[in-house]
Amino acid sequence: MNKTTKCTLNACFILCILSIGYGERTKDKMYERITGARGCYRRLNATHQIGCSSERDGSTGVIFYAETTEKLDFILHNGTAPPYIPVMPVKILTADVIRKLIDSGIVSGLVVHANNDTLDYFTHDYQCPNPLSSLDGTCKRESLWNPHGTALLFTDIPFPIFYLEEEEEVWKIRDCFKKFNDFDYDAQADRPLCSLELKSFMYATTDTPTCKRRSSIMTNLNPVKFCDPLGDSNIWSSLYPLVEGSRNETVPLRNHKYIVISARMDTTSMFEKTAGGNSPVTGIVTLLTLAKYLKGILTQDDINRAKLNILFILFNGETYDYIGSQRLLYDMLNGYFPVKGLHETNDILPIIRPDDIKLFIELSQLGNNMDKLYVHYLQNSTQIDSFYSKLRNYSEKIKDVPSSMPPASLHTFMKKLPSFPGLVISDHETSYTNHFYNSIFDDAVNIGFTYDPNATEQNSLQYFIANVSEVIGNSVYETITGKHYSGKYTADVVLVNELFQCYLEDPNCKVHRATQKGKLPKVPLSLYVGVDHVANYATTLTSLTLGWLTADDAGESNINCTNNPRNYAFKYYNMSKSIQELNVTRCYKITMNTTDAISPAFIIPDYNWTSGQYSTWTESTWTEMNVRIFLKPSSAHEKMTIAIGSLSVIFSFIFVYFVKSRSHILFTPPLPTEAPTDC
Amino acid sequence: MTVCEFFGCTFLAFGPPFAMFIFTIASDPVRIIILIAAAFFWLLSLLLSSMLWFAVVPLRQELAFGLVFSVFFQEAFRYIIYKILRKAESGFKKISDDSATLIENKHILAYVSGLGFGIMSGAFSLVNVVADAVGPGTMGLKSGNEMFFISSAAISLCFILLHTFWSVIFFNACDNKNLVHLGYVVLSHLIASCLTLLNRYQNYYACIIPLYLIVSVTGSFAFKVAGGSYASFKNCISIK
C-alpha cells in the first residue's frame, strides 16, 4: 500500500503526465495487450525441430496489414522499416506464402486472423500423414490421402505465428496500422510506427535426443526441463467383463478371443487450439454409440458361448506417429496389457496378446460423405472377407477398397505383424473427403452438425452415424452369434446428437453431466494429445463415457458403491441412469481402464533414437505466450535522445570541473566571522 | 530497441548531478554523509505527503492538492535539515579533515544538502519512467507523444538543479533571517511544481521552457547569494 502511494505522489510531484494519478505505470500507456491470440509451439522428433518460436524476449516488428498476397508482396519489396510482422487473413496461410516470408528475410513474425472468407481447404498436415510410421506403399503418388496438405505443421519456421480469432482484437491492430503506418511508405523509417511484440519463446531446439540430453541430470548438474514427450492415455473397455465369478472370487477368462473396435482420440493444429470435427470426433462418437448398441443386443451368454469378447480401444497421440497404438502394441507384445506386472497364470486378469485379436475394426473419419462408406484392407483373409460380406448385407452403402490402408492405428499393428486381420471403415476412398484434416476448421460446420435436441431430422449426420453404428453392430453381432440380427433394438440417435455436442460445442453436455459432477468451461475441449504429465480433460471424460456405456448395473446408488474389497477387474461409480434421467443415479460396475499412451522410445533404456522404430515426438517447454501492440520510436528520435544525453554528461563534467577548480575566484569567501574570543 | 532512449534519458537527468557529486562531494566523507541525510529527509517529506494524500480520500484524484502540500512538506523538511546541520556544526569540526572550509563556508553545507534533496527527488520522479523505457516501445500509442521520455528527463534535471539552488538560498536566508529570500524559494518551488501540471495536456514545451527560465533565475540568484558576482564571473573567465 505504502509503495503505491509513494509512487503516486511522486508522479503528482513532478510528472503529472499520467492524467489519472493512480498506481498506473507508464508501461500501461505504452503497450496494449492483444488477448485471445493462439500461438504455435515447437515440437521435436529424433532428427528435426518443427513449429515456431519467438526470440527469447519476444519478436518485434512493424505491423503490416495485408488483405491479399499482392499487398504482402508490396511490403516485402518496398518495406523501408524492417523487420515487419504481416497481419493477414487465414486464407493466405499457404506453404508458398510462408516460403516467401522466410526468404524475404525482413519478416520477424506473423499474425493470421479469422474472417468471413469461405475456405475450400485448410490442412497443414502432410499429404501422406504420418509418413515415417505408416506402411510403405500405402500412400500412392496418384492418390494422396490428404492432397491439400501443406506440411506446414511439420516445417521449421524461424519466426512466431499467432492465430487471432476475436474480431475486436483484429480491429485494434488494424486501427493502429491505419493511424501510424498506412501512408507514405518511403518515409516509414522517419516516424514512430505501430508495431507488434510476439512472445512465445520455446526452450528446446534441434531434436529430441539433444533436448533429452540437456534435460538430464547426468550431463547437466542443474537440469532444466526443455521438452516433454507427447503422450496421454489410451482408453479401453471390454463389452463384458474379462473375468467371471462372484464379486470377491473372480477368475480371468483366459481362453477368450477378442474383436477390437478402435478409433483415434486426438487431432492437432498449427495453433494452440484444436477442433477435430471429422477426425477424430466422428470416429469417437461412432465407437461410443456402437458400444451402447452392442451392449444392448449382445448378452453375456452370447459372448461366453462364442468365447469372443469385444474390446473398445481409443488410441491417443495417433496424429504424431501413432504414439498410442505403438505403445499398446509394445505392451501387448511384452505381456503388459491390460496391466503391467501380472504373471501369466495370475488370478486377476487375462493377459491379452496380439494373437488373441481375431478382428480389428478401426473407425476412421466418417462425417464428410453420407452416401458411401469404404472398407479399406490390405490383404484378403477369411475374417475380413466374411466381415465385409456381413457389412454389405446390412447396407448398400458399403464398398470395399482392397489393398488400401489410409493412415490409421492399424498401420502400427500390420508393420509388426503383417498378417494382422484388420480393416478401416472411413468416408473416403482414395483421398480424404475432409479438406480441413488436423486444422482449426475441422469443426461442426465442416461435418454439417447442428444440435437438434430431439434428433428429428432424418437426413442429418446424427442419423447417419446411428445408422453406421447399427450396420457395424449387426455385423459384429452376426460374427459372434452366427445369427442374423433381427431384433428391434436401434442405435440411440439422441445419444449421437448429445455426444457430438459434447465434443464440438459444450462439454457440459448431458452425457458428461451423467457421468461426472465437474463443471467445465463452455468451450470445446482440446483434443490435442498434449504432454505426458498433463491429463487431458477430453480423455478423462471420454473414458467415463465409454465406461458408462459399457457398464453393468450393480444396484442402488449409495455410498457403498465403491470397489471394496478391491477387485482389479472393475471400477464402481455412481452415475445417472440415462441422459433422459440425469437425476436418477445407479451404481455401475465398469470394465473401462486406461493405459499409458507414451511412446516406447521414452521407456526403453538406451533407445536408439535413429532407428525410427517408435514415435519420438516431444514438445518444447515455454513460459508465456502473449501479444501486445506498441509504438516503435523512429531511429532518428532514438539517436537524438542518446546524443542529448551524452552531450549533457560531457558538458556537465567539463563545466563542473571548471567551476570547482576556480571556485576560489568565482565565489568571494565570506567575511571571516569574529574570531572566537574565549578559546 | 529503445535501450537508446533509456540511456539517453538517464544521462540527461543524472549526468550533471553525477558530475557534481564526483568533483565536489566524493572527496569528503562528511559531505557524503550530509548528502545521504538530506536525501533521507526528502524521503521523510514524501512519506508525510503521501500519508496526507492517502488520508484525504475525496481529494485523491486531484493532483494539485497533493502537489501543493507536498511542496510545503518539502520546504518544512528543508528547514528541519537546516536546523539540524547548524546544530551539528561543532560535531563536524571533530570528524572532518577539511572542517575549516566546511564550517567557514556555510554555503557548502547548503549546496550538499540541496543536492541530496535534488538527487532523491529526481530519482523518484524518473526511475520508474526510465525503467519502462527499456522495452521495445515508446510513448504515443494511447496518449502522449514521442517526446515524453526526454521531456521527463529534462524536467527531472531541472528539479535536481532547482533543489540545489533553493537550498543555497534557503540556508542563507535562514542565517540572515531574510524573509524575502525564503518567500522566493517557496513561491518558485510552488510555481515550478504547478507548471508540471501542464504536462497532462501533452504540450511539453509549455512546461519545460518556463521551468528552465526559473532554473536560470534561481541559479543566478544562488550564485549571487554564495558570493559570486558578475565581476568574479568575468574574472574567472578572463584569467584562463
Side-chain angles (χ1 to χ4, degrees), chain A residues 1-2 5-22 25-27 29-32 58 60 176 192 194-195 197 629-634 637-646 648-653 655-657 659-660 662 665-670 672-673, chain B residues 2 4-5 7-12 15-16 18-20 23-24 46 49-50 53-54 61 63 66-67 70 104-107 121 124-125 128-129 132 135-144 146 148-150 152-153 155-157 159 193 196-197 199-200 226-229 232-233 235-236 239:
Chain A
M1 178 186 76
N2 217 344
T5 45
K6 268 186 185 176
C7 290
T8 312
L9 231 131
N10 134 66
C12 300
F13 174 45
I14 296 177
L15 301 161
C16 333
I17 284 104
L18 308 183
S19 45
I20 317 159
Y22 259 71
R25 284 192 63 170
T26 320
K27 230 180 210 163
K29 292 251 161 185
M30 292 160 57
Y31 299 96
E32 177 148 18
T60 60
C176 186
C194 193
S195 306
E197 181 188 68
I629 343 179
F630 64 93
L631 210 57
K632 181 180 129 178
S634 65
H637 177 80
E638 287 189 335
K639 283 173 198 151
M640 183 194 80
T641 310
I642 193 118
I644 291 178
S646 311
S648 139
V649 171
I650 295 164
F651 177 74
S652 54
F653 266 77
F655 180 76
V656 175
Y657 180 76
V659 171
K660 157 86 179 161
R662 278 156 201 278
I665 304 164
L666 209 51
F667 302 107
T668 45
T673 44
Chain B
T2 45
C4 285
E5 276 194 317
F7 282 108
C9 293
T10 315
F11 286 167
L12 175 59
F18 184 63
M20 283 148 88
F23 289 123
T24 59
L46 179 66
S49 339
S50 53
W53 171 84
F54 193 73
Q61 299 285 354
L63 286 179
L67 180 132
S70 171
E104 279 166 19
N105 191 343
K106 292 186 191 299
H107 302 301
S121 83
F124 257 77
S125 64
N128 51 26
V129 175
D132 287 345
T138 192
M139 204 67 177
L141 184 68
K142 293 177 191 167
S143 62
E146 257 196 310
F148 171 80
F149 285 113
I150 192 142
S152 307
I155 294 170
S156 295
L157 172 63
F159 273 87
S193 297
T196 60
L197 287 173
N199 279 334
R200 74 168 72 175
S229 62
S232 74
F233 179 67
N235 243 351
C236 165
I239 280 173

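In what follows, chains carry the letters A, B, and so on, assigned in the order in which the sequence lines appear, proteins first and then strands, with residues in each chain numbered from 1. Since the model is a prediction, treat every value here as computed from it, not as a measurement.
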Qualifying residues under disulfide bond (SG atoms under 2.5 Å apart), relative to A:Cys194, sequence neighbours excluded: A:Cys176
Reported CE-to-CZ distance for the pair B:Met20 and A:Phe655, which is rounded to 0.5 angstrom: 9.5 Å
Options B:Gly15, B:Ser229, B:Ser232, B:Gly140, ranked by heavy-atom pairs under 4.5 Å with chain A, top entry: B:Ser232
Separation between CZ of A:Phe653 and CZ of B:Phe23, rounded to the nearest 0.5 Å: 5.5 Å
Side chain / backbone / both / neither for A:Lys27 at chain B, heavy atoms under 4.5 Å: both
Residue part contacting chain B, namely of A:Ser195, when any heavy atom lies under 4.5 Å: neither
Option in A:Ile629, A:Ile642, A:Leu666 with maximal non-hydrogen atom pairs under 4.5 Å from chain B: A:Leu666
Nearest-0.5 Å distance, NE2 of residue A:His637 to OG1 of residue B:Thr138: 5.0 Å
B:Lys142, NZ atom: more than 12 neighbouring heavy atoms under 6.0 Å: yes
Least distance between heavy atoms, A:Arg662 atom then B:Cys236 atom: NH1-O, 3.7 Å
Taking every non-hydrogen atom, the tightest pair across A:Pro633 and B:Glu5: CG-OE1, 4.2 Å
pair A:Thr641-B:Cys9: side-chain heavy atoms closer than 4.5 Å: yes
Over all atoms of both residues, closest heavy-atom pair of B:Glu146 and A:Ser634: OE2-N, 3.4 Å
Considering all heavy atoms, the nearest A:Met30-B:Asp132 contact: CE-O, 3.3 Å
Side-chain heavy-atom pair A:Ser652, B:Phe11 within 4.5 angstrom cut-off: no
